[in-house]
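The next block holds one structure in the form of structure tokens; read it before the comments.
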Amino acid sequence: MDAIFSKIEEIAVKIDNLIKTGESGYSDSSNATGDVQLKLDIQSDIIIENEFKNVKSIKSVISEEKEGELELNPNGEFTVCYDPLDGSSIVDFNLSVGSIFGIYKGELCGENLLASAYVVYGPRLEIVKTIKGSNPVLYRYNGSEFAMQKEVKLEQKGKINAPGATQKNWYPRHKALIESIFQEGYRLRYSGGMVPDLHQILLKGGGLFSYPGTVDKPKGKLRALFEVIPFALAFKEAGGEAIDDKGVSLLKFKPNHPHDTTPCFFGSKYEIEKVKEAYSGK
Ligand code: AFP
């Protein structure tokens, strides 16, 4: 696991440099789920694949940018599922974006996620690493290495609300939930990038991020293996929770296909209780 985490640090520095100096704009190709790819998406994906090839413990990888699983080392133990550059629609406007990694052993499902990491490319370059069973840890790049900053811990309740998806397409119970949270005095914080939005909630000690199922996309937008499950581990180990629209932990999610999406709610305990009440119809 150490070898994977230190490789992710090298990758983070390379992608950060790519974002700062690379070409903006779209390429001529689309990814596995039909999204038109940015030049930066493609190049970030190439950086990660090339770096992971040299890590013997990585058996295979699945990228959000590609259709299937790619075997790298037949004797390796782990499968790393990653979103090379999340937030394509905001990177060219110079908002913060991120990379997300889930490290699985065995069948690809929430219960087999052993560790996760995400990188925030913002005014600062930061990584949060989470190993199952221990608190997430924040690291910040100081120009030569990632220096440990602190363990990430959530309070029981936060103050910010990050509601995703197109409001016009929200179901009535979701609309009522979000409205009731704002009525309690929560402030809106939503950039359109799940990495900085979830990072803010984790570092501020609480709040709610939701990406619900909607009338047009009943299974939501965010992908389980690359995006949702890795963050679910960080929230759980920080003392919060991450659930789907049935109130089930996202760490129990079993995708049928690597690119499956799921409605998702991440927060501290208080907000997640509110989601459970709203969605159970109580
Ligand atoms: P892009 O990679 O297409 O910018 O999507 C980013 C993202 O997957 C995630 O980072 C955001 O939280 C979410 O989409 C925002 O989606 P909405 O604009 O529909 O709320």
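Just follow the structure's listing: the first ligand is 1, and inside any ligand the first atom is 1. Just so you know, these numbers come straight off a predicted model, no measurement behind them.
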Can you list everything that forms a ring pair (Phe, Tyr, Trp, His ring centres under 6.0 Å) with Y82? Sequence neighbours excluded, please. F52
Of all pairs that satisfy ring pair (Phe, Tyr, Trp, His ring centres under 6.0 Å), the ones with a partner from residues 180-206, not counting sequence neighbours: Y118-H199
Could you check whether E9 pairs with K129 (Lys NZ or Arg NE/NH1/NH2 to Asp/Glu carboxylate O, under 4.0 Å)? yes
In order of chain and number, which residues sit within 4.0 Å of ligand 1 by heavy atom? D86, G87, S88, S89, G164, A165, Y190, G192, G193, M194, F209, Y211, K221, L222
Can you tell which of F5, Y141, Y139 makes a ring-ring contact (aromatic ring centres under 6.0 Å, His included) with F146? Y141
Please confirm whether F235 and F209 have ring centers closer than 6.0 angstrom. no
Without placing hydrogens or testing angles, list every side-chain donor-acceptor pair under 3.5 Å for residues 240-247, not counting sequence neighbours.
unit_1: E241; atom_1: OE2; unit_2: K276; atom_2: NZ; d: 3.0
unit_1: D244; atom_1: OD1; unit_2: K246; atom_2: N; d: 2.8
unit_1: D244; atom_1: OD1; unit_2: G247; atom_2: N; d: 3.2
unit_1: D244; atom_1: OD1; unit_2: V248; atom_2: N; d: 3.0

